[in-house]
Amino acid sequence: MSRATQLEKVYMSGFFFNVSYLIFAVLIPLDALHLHLTVWAVGILAALSGILQLPLRILSGPLVDRWGSRSVLWVTFSLEFLAGIVVIGGQSLPMATLVSGQFLIGAARGLFWTAAQSEVSRQPGNRPHHLGLFTSFTKSGALIGIAATGVTAEFLGIYGGFMVSDALAFIALVIGLSLTHTGTRQRPPSFWRAALQLLPASHQPFVVVNGLIAILCAVPQALAQSFYPVVLIRLGLSESAASLITALMSLGMIVAGFVGSIALQRLGMRRMVAVSTVMVALSLSSTAFHHIIVDATAILCGGFAAGWLNVAFLSAVTSRSNDGNRGTNLAVTEIYFVLAVLLTPLISGWLLSQVGRSTTFLIEGSLAFVVALLVMLLWRWQNHSRCAQHVEQRA
């Protein structure tokens, strides 16, 4: 099998994985609304997937470095398929099965990204281009998943939507099983030896800075998977219309993925990050206004900015890593991403219940500006550390 074919299979399995995941993720709050849960309870339920996602995102790095991306992807797709089976088979106990499904899908989510991104980044050629295409394929899946959820729920019902999600998870599993093993030249001798590198990796300046970038990349996506559709429905839109508008987030990320490597070449990493972080903050602040067109534009722009940030932080981390620590460095960086995914619906749900929509998004936009400023302030620290590392290596 050629390496190009291997890349294509990772792209396609990632596409189906994300269609399945996003249908599942958006159906969770919609089903919670049908069960007449409070907004705060919806936020808690949406955040449950992050409980297993966080520790498994951490461990996914050593697992990938030790056993390879292919094996971890096999486990990932199996867990996603099992999550759908659990929810579909437990309709008599809806809350218990929704919670169980969220744990399983969170575990799958925790393992997927490090394994897939590591596999893509280790292929020869233009790494930012490969990662940008991977972003476009996965976010195409997200766009279709989010856009289709409302329509699917209206015509097939909530549990019909879960069945569609599970069928797509099965397709991802079949494609994943056809992947070939990509050998590593610097594989750690054991999982525990690989895991011991987690703490040293967390102290590296480039990991810290790119972790903060990952936070800003994650927040708009977390809102698209939780409160953007809920807020739009509470404004009076139908489930299908709310899903279509929320899907603009993924459309922005698709476009950004295709042009990400070109933007990186022309703007440079720092300018690309600066522009994108400010765009995220502005998009969050703009969502405070009670207008559908403004909401749609803000969601689209937030997705575009998140797509550029995704290409930027993945390119930066993988280019400073080798085959023996790439998975671990990615995993530690993406701890920040998972924390943002976990905390965003919790904080948003609490703020919405306390201060209302407008103030909630103004606060979140202001916090995003603070993180963007922090990234720029720490940029020199990251670069000075890299220069010092080069001097040590030459000596």
Side-chain angles (χ1 to χ4, degrees), residues 1-3 5-18 20-21 49-83 103-124 127 130-131 134 138 169-202 204 207 214 314 317-335 337-338:
M1 179 188 299
S2 69
R3 287 184 175 180
T5 303
Q6 180 84 348
L7 267 176
E8 290 169 4
K9 288 193 174 184
V10 177
Y11 293 158
M12 290 308 299
S13 62
F15 169 80
F16 284 109
F17 173 87
N18 234 24
S20 173
Y21 171 75
S49 65
I51 291 176
L52 281 181
Q53 190 175 157
L54 178 58
L56 285 176
R57 186 69 69 100
I58 297 170
L59 295 176
S60 65
L63 287 170
V64 167
D65 289 340
R66 178 66 187 99
W67 285 302
S69 305
R70 181 184 65 166
S71 299
V72 178
L73 285 172
W74 288 354
V75 175
T76 294
F77 300 141
S78 299
L79 286 170
E80 184 179 48
F81 179 64
L82 182 59
F103 282 134
L104 287 167
I105 205 76
R109 191 76 167 174
L111 293 172
F112 173 73
W113 293 105
T114 300
Q117 290 161 355
S118 179
E119 184 63 33
V120 170
S121 67
R122 72 173 68 250
Q123 303 301 318
R127 182 178 288 121
H130 292 337
L131 290 168
F134 176 72
T138 53
F170 182 74
I171 294 173
L173 176 59
V174 171
I175 297 173
L177 289 173
S178 70
L179 291 170
T180 58
H181 176 67
T182 303
T184 58
R185 297 185 299 273
Q186 299 167 300
R187 177 179 293 178
S190 69
F191 168 75
W192 299 111
R193 185 70 63 86
L196 287 174
Q197 298 305 309
L198 286 168
L199 186 58
S202 68
Q204 297 179 96
V207 169
L314 291 176
V317 173
T318 55
S319 67
R320 298 190 184 192
S321 306
N322 57 50
D323 280 348
N325 63 16
R326 181 175 289 111
T328 297
N329 287 338
L330 277 171
V332 175
T333 304
E334 292 192 0
I335 292 172
F337 187 100
V338 178

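The residues of the chain are indexed from 1 along the displayed sequence.
- For the atom pair CG (Leu330) and OG (Ser121), the distance works out to 6.0 Å, reported to the nearest 0.5 Å.
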Item checked: Worked verdict on Leu73 versus Leu179 for side chain to side chain contact (heavy atoms under 4.5 Å, CB included) -> CA-CA 9 Å; Leu73 285 172; Leu179 291 170; 3.7 Å; yes
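- For the atom pair Thr328 OG1 and Gln204 CD, the distance stands at 10.0 Å (nearest 0.5 Å).
- Taking 4.5 Å as the limit, every side-chain heavy atom of Arg109 sits out of range of all side-chain heavy atoms of Glu80.
- Using a 4.5 Å cut-off on side-chain heavy atoms (C-beta onward), Phe77 and Phe112 make contact.
- Contact check for Arg57 versus Phe337: side-chain heavy atoms found under the 4.5 Å cut-off.
- Note that the CZ atom of Phe16 and the CG atom of Leu173 stand 13.0 Å from one another [nearest 0.5 Å].
- In this structure, the separation between CH2 on Trp74 and OG on Ser69 is 12.0 Å, given to the nearest 0.5 Å.
- To the nearest 0.5 Å, the span separating OG on Ser13 from CD1 on Ile171 amounts to 12.0 Å.
- Minimum heavy-atom separation, Thr333 to Asn329: OG1-O, 2.8 Å.
- For the pair Tyr11 (side chain) and Val120 (backbone), a donor-acceptor distance under 3.5 Å is absent.
- Looking at heavy atoms from C-beta onward, Leu111 lies in side-chain contact with Val75 at the 4.5 angstrom threshold.
- Remark: the Gln6 side chain and the Thr180 side chain contain an N/O donor-acceptor pair separated by less than 3.5 Å.
- In this structure, the separation between CG on Leu63 and OG on Ser118 is 12.0 Å, given to the nearest 0.5 Å.
- Heavy-atom minimum distance, Ala331 versus Thr114: CA-OG1, 3.9 Å.
- Checked by atom type and distance alone, the side chain of Trp67 never pairs as donor or acceptor with a backbone atom of Val72 at under 3.5 Å.
- Side-chain N or O atoms of Glu334 include none that pairs as donor or acceptor with a backbone N or O of Trp113 at under 3.5 Å.
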Note to self: Between Thr138 and Phe15, is the side chain to side chain contact (heavy atoms under 4.5 Å, CB included) condition met? List the steps.
What the structure shows: CA-CA 5 Å; Thr138 53; Phe15 169 80; over 6 Å; no
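- Counting heavy atoms from C-beta outward, Ile105 and Leu79 have side chains that stay 4.5 Å or more apart.
- Within the 3.5 Å criterion, the main-chain N or O of Gly68 finds no donor-acceptor partner in the side chain of Ser71.
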